[in-house]
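Reading through the structure tokens given below for one structure.
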Amino acid sequence: MGVMSHCAKAVLTALVALLLVPAGATAVSSKALPIDEGGDATFILDGKLRRTLDAAGIEVEPLRPAHRLEKTILLPAKGEGGFELRFGTGYAFLRGGLRLRGDGHSVAIRHLVLNTAKKRLSGKIGGRTLTLAATDEVKAYRTGLGLLVKVGSLRLTARAAELIGAKLRRPDLFRPHRLLGRLSLAAPLFTVPVTKGTIDFSLDEGFVRKLTDLGVSIVPGGSTTLLNAAPLTFSFGNLGGEIDPEFEHGRVIVTGEDSLRLVQANTSPPREVIWRAIGVNFENGYGTEGSDVVVASWGLPLGLAADPPLGQVEFGTSPSFDGKGGFFTSPRTPATLSPYAVKPLDDAFAGGKAVFTAGEPLGSFSFVAFVE
């Protein structure tokens with residue numbers, strides 16, 4: 001599984017929002033989509049300013065790890081921060097920086113932060129943090145498994161124009177509110193929100209036989225659909241959650257009232273276990289490296305309390321993404337019974353006797369998850 005868990009990533013994003021954004025910045029909205037490593041910000045210097053600088057013998061150079069690509073400069077984005085899509089509100093930290101050099105003088109601009117909540121690009125010049133440029137043009141878009149943030153009409157602030165001009169000994173070239181250029185950020189998402197889909201759950205015949213021998217029947221709840229009687233297969237709609245494209249983080253989970261009711265009618269009163277919010281957590285919660293966790297919210301008979309993982313399954317990287325249709329599909333993958341689910345089942349239906357076994361076949365899972 002990945003080095004950083006989804007929970008740790010969320011905590012880190014929150015801490016970054018509170019601690020690392022320059023003073024006065026607004027933290028990323030809870031509806032923001034966190035970005036991952038591998039993104040780039042493309043900076044394009046305004047054409048008129050570029051011609052003015054060329055005529056003055058001043059070059060604009062990238063500072064590593066930023067690099068030039070034709071007339072643009074690419075600044076790698078850190079896997080921190082994120083953006084919401086309605087207004088493009090959020091922030092990103094950019095690696096490298098820019099250096100303006102000419103006639104024996106130079107000025108380096110480092111630690112760039114794109115903060116669209118404040119509609120500004122900030123950075124450090126000579127150890128001073130300041131707003132370099134402001135903008136009123138921000139738009140954000142989903143792009144498959146990533147997002148694109150476009151920032152136009154970046155205009156120099158009075159403080160930045162004064163400082164850059166002074167360090168280059170050319171204050172005439174950098175006027176307040178002069179058009180600096182534009183910037184666009186393309187980055188993969190840490191996890192992609194699931195908008196809809198289905199999970200199919202086929203129960204293992206041996207597991208069903210144990211339940212049947214105890215007088216337990218399995219009844220679908222909500223809009224759960226019985227697909228097949230042998231093997232006993234149910235389909236759950238109303239899918240939600242979030243997916244890491246490498247299946248190291250996130251989850252797919254059934255929302256709403258879809259459930260399975262395990263009913264033991266031959267007792268007085270009848271005993272019932274309800275599994276709601278059935279799904280798969282792609283974090284490695286227990287078991288072998290690479291394993292995924294089958295989760296469920298348990299409803300147990302009076303006097304019993306537990307909410308353990310239901311099972312263990314290992315999708316690996318087998319699910320595939322259909323870029324045209326905007327959905328992930330997974331093959332049918334076997335799952336085993338969680339060691340933490342054994343006692344709740346034995347206590348509910350077998351009077352505490354050992355009937356169920358950790359690691360025994362539970363069934364198999366497959367899913368279709370739309371992300372667009």
Side-chain angles (χ1 to χ4, degrees), residues 16-28 41-66 68 72-78 80-81 83 87-139 149-185:
V16 166
L18 293 174
L19 301 177
L20 298 183
V21 177
T26 300
V28 175
T42 302
F43 173 70
I44 302 176
L45 191 67
D46 175 64
K48 186 175 180 180
L49 178 58
R50 176 170 49 82
R51 290 188 293 272
T52 298
L53 296 179
D54 287 345
I58 296 175
E59 296 182 0
V60 180
E61 306 167 343
L63 295 174
R64 296 178 62 184
R68 187 179 299 281
T72 68
I73 292 177
L74 296 183
L75 299 124
K78 296 183 180 181
E80 301 169 3
F83 297 85
F87 301 109
T89 303
Y91 66 90
F93 296 89
L94 308 181
R95 301 180 189 273
L98 306 171
R99 186 190 301 278
L100 285 73
R101 185 196 305 272
D103 195 24
H105 303 285
S106 70
V107 56
I109 306 172
R110 307 176 189 272
H111 302 289
L112 293 168
V113 179
L114 175 63
N115 186 336
T116 56
K118 292 292 186 178
K119 295 186 177 180
R120 69 189 184 191
L121 179 68
S122 62
K124 281 189 176 181
I125 298 178
R128 303 180 187 179
T129 299
L130 73 161
T131 299
L132 298 170
T135 181
D136 286 324
E137 299 180 22
V138 178
K139 294 181 180 179
V149 181
K150 291 186 175 182
V151 179
S153 300
L154 282 164
R155 295 185 178 275
L156 284 168
T157 64
R159 182 67 181 123
E162 178 186 7
L163 191 56
I164 294 171
K167 285 187 172 291
L168 290 173
R169 306 295 194 270
R170 291 300 305 267
D172 57 307
L173 301 180
F174 301 93
R175 301 185 306 276
H177 312 301
R178 179 163 194 169
L179 193 59
L180 176 64
R182 63 184 187 274
L183 184 147
S184 62
L185 171 71

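The first residue of the sequence shown is numbered 1, and numbering continues consecutively from there.
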More than 12 heavy atoms of other groups within 6.0 Å of Arg99 CZ: yes

Val60: which of Asp54, Leu53, Leu49 passes side chain to side chain contact (heavy atoms under 4.5 Å, CB included): Leu53

Heavy-atom check, side chain of Arg95 versus side chain of Lys78, under 4.5 Å: yes

Step-by-step side-chain contact (heavy atoms from CB on, under 4.5 Å) determination, Leu180 to Leu45: CA-CA 6 Å; Leu180 176 64; Leu45 191 67; 4.1 Å; yes

Ile58/Leu173 under side-chain contact (heavy atoms from CB on, under 4.5 Å): CA gap, chis, key distance, verdict: CA-CA 10 Å; Ile58 296 175; Leu173 301 180; 3.5 Å; yes

For Asp136, salt bridge (Lys or Arg N to Asp or Glu O under 4.0 Å) partners two or more places apart: none

Whether Thr135 side chain and Lys119 backbone form a donor-acceptor pair below 3.5 Å: no

Residues, nucleotides or ligands: over 12 heavy atoms within 6.0 Å of Glu59 CD: no

Beyond-backbone contact of Val107 with Phe174, side-chain heavy atoms, under 4.5 angstrom: no

Nearest atoms (heavy-atom pairs only) where Glu137 meets Ser153: OE2-OG, 2.7 Å

Gap between atom CG of Asn115 and atom CZ of Phe93 - 0.5 Å precision: 9.0 Å

Asp103 atom CG: more than 12 heavy-atom contacts under 6.0 Å: no

Taking every non-hydrogen atom, the tightest pair across Gly88 and Val138: O-CG1, 3.8 Å

Nearest atoms (heavy-atom pairs only) where Ala66 meets Ile73: CB-CG2, 4.3 Å

Exam field: side chain Arg155 to backbone His177, donor-acceptor pair closer than 3.5 Å: yes

Phe43 vs Leu112, side-chain contact (heavy atoms from CB on, under 4.5 Å): CA-CA, chis, key distance, verdict: CA-CA 12 Å; Phe43 173 70; Leu112 293 168; over 6 Å; no

Heavy-atom pair with the smallest gap, counting every atom of Ala108 and Leu63: CB-CD1, 4.0 Å

side-chain hydrogen bond (donor to acceptor under 3.5 Å, both in side chains) partner of Asp172, chosen from Arg170, Arg175, Arg169: Arg170

